[in-house]
Student: 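Mind having a look at this structure? Questions to follow.
In what follows, every heavy atom counts, from backbone to side chain, and hydrogens, waters and symmetry copies are set aside.
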Amino acid sequence: CNPKRYTFASKKNFDGTENKLNLYNIVPKGQNCDMVLTYLQPEILTDEEYKELVNSETYIFLYKEGPEEFEKKYISKELYVFDTKLDFSDTNIISLPNNLTSHLVELYCKNCASLAELPDNLGTICPNLNILSVSGCSSLMKLPDNLPHNLKILDCSYCNSFIKLPDNLPPNLLKLYCGGCELLKELPDNLGTTCPRLSILNCSFLPNLTKLPDKLPSNLVELNCRDSENLIQLPDNLGTSCSNLKKLYCFNCILLKKLPNNLPRDLITLSCVNCPFLEKLPNKLGQTYPNLSELDYHNCEGLEKLPD
């Protein structure tokens, strides 16, 4: 069997117990051939030592009967990355390896507090990337303008230094999670044009967001803007521009004054709890929106009248 090659990042030194679960997650079950893994330990290295490690050292782990049985051997001075899924989550990694593979489909860097940037040419070197998660990367200020064209899921939520999304997000994007980015003030104005296939948009917990783009993606099924305390209004054309919308969450948007007169006709869930300045809901909700099965509007003291 030809060796399969992987990259592995860990917070701690390899001890056979601490990292067992992580290794088991990336090593295929039943695989009985040698695999090359790059073992990164960024939290105990200086920047120069880290760069030297990334560019030079490779270890081999022999996969035997189960994940408990690994033998570590130094084998060469080359770095190989041929995996389709890499997970650097919860490590102190500073930057990504400079030779990511074009085969990469999923890249996870959740809660990497020291990760300050992604490669500018990520879209070129990883053209097949479908999933990118950098959730909780508190030092990350922005994403590359050149994101992979085929990216389908982007999670950049809870990046506290994050200030801006790229103007041209990938056209095949299906799900965008950018909630909890405290410094993010706006979403791209052209979101509806550049991401026509987007079905889930989570822009919750954005304290500096005051409005959404006038044109949202027509394929949108779920819109979550809850706990965006400075959000004043939703797009007036929401009912026509997002005719496929099924779920709308805007609770705890304490400055929200009104909902669009025309909501999407196939709406199933509408939650606007604790919006004290909300003055009215659309008339004849039951007749106009026959599929509406979940309606929650308690603690909306400003409502002039309850819906029919």
Side-chain angles (χ1 to χ4, degrees), residues 110 131-138 140-143 145 147 151-260 263-264 267-275 277-278 294 296:
K110 299 178 183 179
I131 300 175
L132 173 61
S133 177
V134 290
S135 175
C137 293
S138 55
L140 190 66
M141 297 181 64
K142 64 174 185 175
L143 295 173
D145 289 329
L147 286 171
L151 194 67
K152 292 178 173 59
I153 300 175
L154 173 58
D155 185 357
C156 53
S157 55
Y158 296 97
C159 293
N160 292 335
S161 299
F162 202 77
I163 56 176
K164 191 176 187 294
L165 285 167
D167 288 330
N168 292 304
L169 289 168
N172 293 309
L173 199 63
L174 301 178
K175 300 177 182 180
L176 173 60
Y177 303 94
C178 57
C181 297
E182 297 178 353
L183 300 181
L184 189 63
K185 295 182 178 180
E186 60 183 6
L187 303 181
D189 286 336
N190 59 355
L191 187 65
T193 304
T194 58
C195 302
R197 301 179 62 193
L198 193 71
S199 61
I200 294 179
L201 174 58
N202 188 319
C203 51
S204 59
F205 294 94
L206 297 181
N208 289 303
L209 184 71
T210 58
K211 67 183 186 71
L212 297 176
D214 291 334
K215 186 177 181 181
L216 291 170
S218 59
N219 206 46
L220 207 60
V221 174
E222 180 178 319
L223 174 60
N224 188 343
C225 48
R226 61 164 293 189
D227 288 278
S228 294
E229 56 195 44
N230 283 305
L231 185 66
I232 298 174
Q233 66 181 47
L234 300 177
D236 289 332
N237 63 351
L238 190 67
T240 53
S241 65
C242 299
S243 58
N244 294 307
L245 194 68
K246 302 291 191 298
K247 298 180 180 181
L248 175 59
Y249 302 99
C250 50
F251 53 91
N252 294 334
C253 294
I254 58 176
L255 295 184
L256 187 66
K257 293 183 177 181
K258 67 174 184 175
L259 295 176
L263 290 172
L267 199 65
I268 294 173
T269 300
L270 174 59
S271 179
C272 47
V273 175
N274 196 31
C275 297
F277 290 101
L278 187 65
E294 297 180 46
D296 200 349

Student: State whether the side chain of S228 and the backbone N or O of C253 hold a donor-acceptor pair below 3.5 Å, judged by distance alone.
Tutor: no
Student: So, taking the atom named SG in C178 and the one named CG in L143, what distance separates them when rounded to the nearest 0.5 Å?
Tutor: 10.0 Å
Student: Hey, are the side chains of P188 and T194 touching, using non-hydrogen atoms and a 4.5 Å cut-off?
Tutor: no
Student: Going from CG on N172 to CD1 on I153, what distance comes out if it is rounded to the nearest 0.5 angstrom?
Tutor: 12.5 Å
Student: Check whether any side-chain heavy atom of S157 sits under 4.5 Å from a side-chain heavy atom of N202, and report yes or no.
Tutor: no
Student: How would you list, by chain and number, every residue that makes a side chain to side chain donor-acceptor pair (under 3.5 Å) with N168, sequence neighbours excluded?
Tutor: N190
Student: Got C156 and L184 here, is their nearest side-chain heavy-atom distance under 4.5 Å?
Tutor: no
Student: For the residue pair L220 and L198, establish whether any side-chain heavy-atom pair is separated by less than 4.5 Å.
Tutor: yes
Student: Can you tell me how far CD of E222 sits from CG of L248, rounded to the nearest 0.5 angstrom?
Tutor: 10.0 Å
Student: Got a sec, which residues hit side chain to side chain contact (heavy atoms under 4.5 Å, CB included) with S133, two or more places apart in sequence or on another chain?
Tutor: Y108, K110, S135, D155
Student: Quick one: does L187's side chain get under 4.5 Å of C203's, heavy atoms only?
Tutor: yes
Student: Using residues 206-219 as the side-chain source, report each donor-acceptor pair under 3.5 Å to any protein atom, sequence neighbours left out, with the distance given to one decimal.
Tutor:
unit_1	atom_1	unit_2	atom_2	d
N208	ND2	E182	O	2.6
N219	ND2	R197	O	3.3

Student: Rounded to the nearest 0.5 Å, what's the gap from OG1 on T269 to CG on L223? Could you check?
Tutor: 12.5 Å
Student: Under the side chain to side chain donor-acceptor pair (under 3.5 Å) definition, can you give me all pairs with a residue in residues 246-258, not counting sequence neighbours?
Tutor: D227-N252, N252-N274
Student: Using salt bridge (Lys or Arg N to Asp or Glu O under 4.0 Å) as the criterion, list what pairs up with D167, not counting sequence neighbours.
Tutor: K164
Student: Is any side-chain heavy atom of F162 less than 4.5 Å from a side-chain heavy atom of M141?
Tutor: no
Student: Applying side chain to side chain donor-acceptor pair (under 3.5 Å), name anything that partners N160, two or more places apart in sequence or on another chain.
Tutor: none
